[in-house]
Number of protein chains: 2
Amino acid sequence: MPATQALTNGFAKHAVAVDVVLFTIQGGRLKVLLVRRQQAPYKGAWSLPGGIVGAEESVDAAALRELQEETTISNVYLEQLYTFGDTDRDPRGRVLTVAYYALVNQQQLELKARQRVSEADWFPVRRLPELAFDHRRIIDYALERLRNKINYTTIAFQLLPTNFTLTQLQEAYEVILGTRVDKRNFRRKMQQLGILRPTRQFRVSGRQRPARLYTFTAPKVIKLQEKGIIVPF
Amino acid sequence: MPATQALTNGFAKHAVAVDVVLFTIQGGRLKVLLVRRQQAPYKGAWSLPGGIVGAEESVDAAALRELQEETTISNVYLEQLYTFGDTDRDPRGRVLTVAYYALVNQQQLELKARQRVSEADWFPVRRLPELAFDHRRIIDYALERLRNKINYTTIAFQLLPTNFTLTQLQEAYEVILGTRVDKRNFRRKMQQLGILRPTRQFRVSGRQRPARLYTFTAPKVIKLQEKGIIVPF
DNA sequence: TCAAAAGTGTTTCCCCTACACCCATGG
DNA sequence: CCATGGGTGTAGGGGAAACACTTTTGA
């Protein structure tokens, strides 16, 4: 018997799923992508995009695959959240799920709408419909993680286009934290962090003064170990 | 066909394990519990306590069970860490593992030694032996989580006996963070947090002035949302 | 000229930090 | 009386918070 078989015989095996909480900011609200279930249980209910992990597929790869089945987005920020392993999560029987969350910006979103097959839509996190399984709990958990992490990392930039105004950036923080932020303090702190580069472009919207566009200099999401915490203002 | 069967037929199923990083403080060092593997692969190598999740067992319950197979500890602080889902972690084939970490104090430890069957021992996190699988990585991850979380929660108390001196508490922080801490600042900050209650007891050790014993007032691990961050001093 | 958002500095206060000596006890 | 850890206060600096007016543009 090959060594490969030693463990896989005689031990319990489990159905393992992935579920992805995909966040974006749209119309000044934080939203999540939900898909309508085509089969029982919870047929017709809204649920998180997700599915079963393949036999020879890594869990991370499965999460990415599910995301790409629902969208045409690439280069998404995707992070593992938590594994929900209670025995009674799924009425059909024992299904573990490894939850992820992901962040995209509206530019990336435009691509998506054309390609969708099954019904999917964006819902404000403060106005969620009834959800299948324990997906409401998973979203709550994702939101908590996002709120914490925005304070000491640069994930907020994942929700913005490549070029953005400082007001857009501030709105991202406000929408996620659910609080107002002082404009002058916010701008000073952001500029002190040294992760913004001003461009020579401006964004005109209506009849106000045009706003300067900035880009994010760091190539990836980074941890801010300086005291550059954003939270209370 | 009952609904229970709908999903469990025709889909990939996976072996799912739990692994637990059990920390304690002993002799002024942060240590983890390791057990010697009895079978191939990695036979004879040190590894984290852990095992396969049963068919009808929740993942949390499995982690707790593994802990109790190795120790007689109850009321342990146990927290899920991360799910390692690469396809090549285990040479026998595909095995997912859900990693946990746990914290115990020396009082609880004394109970343990009598009951152990298989070989197990405590190793300083800075002097780990060669480890089976990707367990080294799991320990590193657990340590990182612990170092972060000690700054904004009260988990450090899980490593101390019910009554402890302020010096013991400070040593716990120093051992975990790997840095020295200013005694006066530490004591002031801890007392300001309002989570310590002085007892009327003192601990005598040798020929010095006896140290007052304190207890932790909060019933559970709590988040410190005040600015009571502990880190830099 | 008006509406609407962009952009900009200063002061106050509190918290973090650095730092050194006396106390109580057992041997 | 001496060695050992227990226990205590203060002064200075820096970052966070509060706060309001001018600028630029299109209509």
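Bear in mind the structure is a predicted one, so any value in this text is a computation, not a measurement. Quick note on labels: first sequence line is chain A, next is B, and so on, each numbered from 1.
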Between [atom2] on [N] and [atom1] on [X], what's the gap in Å once rounded to a whole number?
X      : N      : atom1 : atom2 : answer
B:F164 : D:dG5  : CZ    : C1'   : 18 Å
B:Q191 : D:dG6  : CD    : P     : 14 Å
A:K183 : D:dT23 : NZ    : P     : 14 Å
B:E171 : D:dG5  : CD    : P     : 10 Å
A:R180 : D:dC19 : CZ    : C1'   : 16 Å
B:F202 : C:dG26 : CZ    : P     : 12 Å
B:Q208 : C:dC22 : CD    : C1'   : 16 Å
A:F186 : D:dC19 : CZ    : C1'   : 18 Å

Looking at D:dA16, D:dG7, D:dT4, which one has an atom nearest to any side-chain atom of A:K189?
-> D:dA16

Of all the nucleotides listed (C:dC16, D:dC19, C:dA5), which has the minimum atom distance to the side chain of A:N185?
-> D:dC19

Give B:R188 one of three labels, base, sugar-phosphate or nothing, depending on what nucleic acid heavy atoms sit under 4.0 Å from its own.
-> base

Using a cut-off of 4.0 Å on non-hydrogen atoms, how would the nucleic acid contact of B:T167 be classed: base, sugar-phosphate, or nothing?
-> sugar-phosphate

Comparing A:R203 with B:R209, nearest DNA chain C nucleotide closer to 5' gives the residue A:R203

Examine D:dG7: is either OP1 or OP2 under 4.0 Å from a nitrogen or oxygen in the side chain of B:R187? Give yes or no.
-> yes

Does B:R184 put a side-chain nitrogen or oxygen below 4.0 Å from OP1 or OP2 of D:dG7?
-> no

Roughly how far, to the nearest 0.5 Å, is CG of B:L22 from OH of B:Y100?
-> 15.0 Å

Calculate, to the nearest 0.5 Å, the distance between atoms CD and CG belonging to B:Q158 and B:N75 respectively.
-> 9.0 Å

Do we see a donor-acceptor contact under 3.5 Å between the side chains of A:T199 and A:T215?
-> no

Is there a donor and acceptor pair closer than 3.5 Å between the side chain of B:R207 and the base of C:dT25?
-> no

Using a strict cut-off of less than 4.0 Å between a Lys/Arg side-chain nitrogen and an Asp/Glu carboxylate oxygen, indicate whether A:E79 and A:K149 qualify as a salt bridge.
-> yes

Ring centers of B:Y173, B:F186 separated by less than 6.0 Å = yes

